[in-house]
Amino acid sequence: MKRVLSIAALAVLLLSCGHKGAYKIPGVGSFDALVYTTTADSTRLFVKSGLDFAAADPSVPVIRVTDQTFQTVEGFGAAITVSSCYNLLKMKPEDRKAFLVELFDPKEGVGSSLIRLAIGGSDFTWDYEHPNGGRFTWCDEEGMEHFAPHELDVKYVLPILKEIYAINPDVKIIGSPWTAPRWMKLDADLKEPHYSWTGGRLNPACYQDYADYFVKWIQYFEGQGFPIYSITPQNEPLNAGNSMSMLMYWEDTRDFVKTALGPAFEKAGLKTKILIFDHNYNYDRMADQDGYPLKVYEDPEASKYIAGSAWHNYGGRVSELDRIIAAAPDKEIWFTEASIGKWGYRFGRSLLNDFREIFLGTLSRNGKGVVFWNLMLDEKFGPYTNFKGSCMTCYGAVNVVSGDYSKVDRYSQWYNIAHASVVVRPEAVRVGTEGSVEGVQCLVFRNVDGSYGALLLNDADAAKQLSLTAGKHSLPVEVPSRSLVSVRWTE
């Protein structure tokens with residue numbers, strides 16, 4: 001990877017000889033802080049450099065850390081779909097390990113700590129060797145006695161999870177189903193059977209069976225050594241057009257959670273959190289679904305089982321979260337899916353827009369974590385299920401070139417995940433700041449080990465100088481034009 005340092009950063013490196021800072025860059029020196037920089041023009045791609053404390057320059061604006069505290073953050077990551085795992089397993093073992101270490105190892109890599117799993121199939125559960133295996137649940141035959149792990153998850157997902165957990169056993173998993181088993185579904189009016197992979201609604205007579213389905217899925221993964229941190233009852237509950245989908249209106253979620261899912265988790269002794277909604281800020285423009293999570297929270301018997309809500313950005317604006325927080329400040333906020341793809345993708349624009357709207361937008365609104373869609377796809381956008389409603393032009397956070405599966409192209413989402421993960425560790429607490437710099441957004445977090453992590457985004461066409469201050473120490477930080485900069489330091 002090409003390393004490009006500013007004159008100011010280079011001067012810091014050259015003057016650091018013999019310095020005993022808390023952070024080391026092998027072959028370079030020791031520093032009081034580590035800085036990671038990615039520019040929209042790609043001249044710097046996650047370039048690592050060092051900084052030392054210095055007296056604040058009175059001509060430079062100051063961003064000062066205060067004693068105010070906000071939410072605890074759990075981390076950042078991407079979905080480990082069957083397709084992602086298929087591609088990873090096509091890599092040479094040494095190449096795959098190097099990639100997974102780079103992403104998940106908190107010491108040798110960036111320390112990504114969240115992943116999302118589909119509960120059953122999705123539009124990225126395809127196996128070229130099993131052309132009929134793209135759509136499935138773990139109980140396709142009627143009757144819960146037929147529940148069993150699906151061969152594609154066993155063949156692809158479990159081996160990759162084992163490798164990830166060997167690197168970072170503290171990774172947290174969020175699970176989401178694209179549909180209930182077809183035999184559990186009725187039509188949209190809840191009148192007739194709807195034996196289809198798409199659309200329909202959960203039959204109220206099957207609430208208990210479906211709750212047991214979740215319990216069994218969670219217990220299976222926990223038995224394999226992979227605790228499930230949270231689940232959502234339905235991915236995109238207002239979207240009946242996905243290649244696998246099911247409508248779950250707010251009334252359905254309320255009734256399912258309070259009468260079956262919550263009590264089933266309680267009876268089984270599960271600690272897995274329940275997050276609801278898992279869909280767009282604009283509620284897919286369905287007026288009767290507006291404020292979906294808030295409507296469910298109004299029922300105390302349902303609300304007591306629900307930790308919070310999960311969100312996607314395919315419609316509406318992140319500012320909708322302001323309304324949710326104001327009405328339900330005790331409920332958690334999570335971002336659980338965003339895609340990039342052939343449609344209008346430009347590295348620099350996606351890099352800055354997604355970090356601004358998704359990462360800073362969610363975290364500044366008490367967000368607990370951010371998860372993107374596919375971790376890894378190939379250069380042909382797949383493998384994907386070849387059904388109506390599947391995304392056939394999506395990129396992964398990284399794309400691997402099929403053939404020998406040795407070349408990995410990092411897209412903007414990889415850099416977004418890396419910038420957040422490398423300085424904001426699991427269970428970090430967002431802290432307040434005073435001061436501002438025109439064109440620059442900044443959030444600061446205090447990690448469990450006492451270190452600080454700052455996330456900065458410069459939207460301006462000119463570089464910005466600032467002093468980042470906590471306690472008695474100040475760091476002279478340069479944020480290049482149109483860039484992301486992450487800083488980690490200890491007082």
Side-chain angles (χ1 to χ4, degrees), residues 65-76 113-114 172 174 176 229-234 237-238 248-251 253-258 261-262 265-266 271-283 289-313 315-338 356-371 420 424-434 436 441-448 453 455:
V65 176
T66 71
D67 293 332
Q68 189 176 18
T69 59
F70 299 93
Q71 81 277 16
T72 299
V73 175
E74 297 300 341
F76 317 93
S113 59
L114 283 181
K172 293 181 172 64
I174 301 173
S176 301
Y229 181 77
S230 64
I231 58 90
T232 67
Q234 174 62 38
L238 305 181
M248 187 176 276
Y249 299 131
W250 70 262
E251 300 95 331
T253 294
R254 176 198 62 197
D255 295 344
F256 175 54
V257 169
K258 76 175 181 179
L261 187 64
F265 278 22
E266 196 169 61
K271 303 300 183 184
T272 302
K273 294 184 178 184
I274 298 173
L275 306 175
I276 62 168
F277 191 48
D278 209 5
H279 207 172
N280 296 331
Y281 301 129
N282 68 348
Y283 310 100
Q289 298 300 309
D290 183 73
Y292 185 124
L294 301 181
K295 287 179 165 65
V296 180
Y297 296 158
E298 288 174 359
D299 188 306
E301 289 303 306
S303 184
K304 70 181 182 180
Y305 295 115
I306 298 168
S309 56
W311 299 84
H312 302 179
N313 73 335
R317 302 298 300 270
V318 68
S319 56
E320 172 62 13
L321 298 182
D322 293 330
R323 171 190 176 193
I324 303 301
I325 296 163
D330 59 324
K331 297 297 188 183
E332 298 176 0
I333 297 287
W334 294 78
F335 188 91
T336 47
E337 186 183 319
R356 180 196 315 106
E357 299 300 318
I358 299 174
F359 282 78
L360 300 181
T362 303
L363 294 171
S364 65
R365 294 171 169 89
N366 289 345
K368 300 279 288 181
V370 172
V371 187
V424 182
R425 299 303 196 183
E427 299 185 17
V429 175
R430 181 165 69 92
V431 295
T433 60
E434 294 176 342
S436 62
Q441 295 184 47
C442 176
L443 292 179
V444 179
F445 303 80
R446 186 172 62 243
N447 293 303
V448 173
L455 305 177

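Numbering of residues begins at 1 and proceeds along the displayed sequence. Nothing here was measured: the structure is a model prediction, and the numbers come from that model.
- Side-chain atoms of H312 come within 3.5 Å of backbone atoms of D278 as a donor-acceptor pair (strictly under, hydrogens ignored).
- Remark: Y292 engages F277 in a ring-ring contact (aromatic ring centres under 6.0 Å, His included) (not counting sequence neighbours).
- Qualifying ring-ring contact (aromatic ring centres under 6.0 Å, His included) partners for F359, counting only residues two or more places apart in sequence or in other chains: F76, F355, F372.
- Take E357 and apply the salt bridge (Lys or Arg N to Asp or Glu O under 4.0 Å) test, not counting sequence neighbours, and it matches R317.
- A 4.5 Å side-chain heavy-atom check between R446 and T69 finds at least one atom pair inside the cut-off.
- Looking at residues two or more places apart in sequence or on another chain, you find a side chain to side chain donor-acceptor pair (under 3.5 Å) between N366 and R430.
- In this view, K271 satisfies the side chain to side chain donor-acceptor pair (under 3.5 Å) rule with no residue, not counting sequence neighbours.
- Residues passing the side chain to side chain donor-acceptor pair (under 3.5 Å) test with E320 are Y283, R323, sequence neighbours excluded.
- Looking only at distances, a side-chain donor or acceptor of N447 sits under 3.5 Å from a matching main-chain atom of R425.
- Residue pairs satisfying the salt bridge (Lys or Arg N to Asp or Glu O under 4.0 Å) criterion with at least one member in residues 325-335, sequence neighbours excluded, are listed as follows: K273-E332.
- Legend: residues meeting side chain to side chain donor-acceptor pair (under 3.5 Å) with E74, ordered by chain and number and at least two apart, are K172.
- Taking the salt bridge (Lys or Arg N to Asp or Glu O under 4.0 Å) definition, one finds that K258 meets it with D299, sequence neighbours left out.
- Scanning for salt bridge (Lys or Arg N to Asp or Glu O under 4.0 Å) contacts around R365 gives D322, with sequence neighbours left out.
- Counting heavy atoms from C-beta outward, L455 and C442 have side chains that stay 4.5 Å or more apart.
- Between F265 and I231 there is a side-chain heavy-atom pair separated by less than 4.5 Å.
- Taking E298 as the reference, nothing meets the salt bridge (Lys or Arg N to Asp or Glu O under 4.0 Å) condition, with sequence neighbours excluded.
- With sequence neighbours excluded, the residues that form a ring-ring contact (aromatic ring centres under 6.0 Å, His included) with Y229 are W334.
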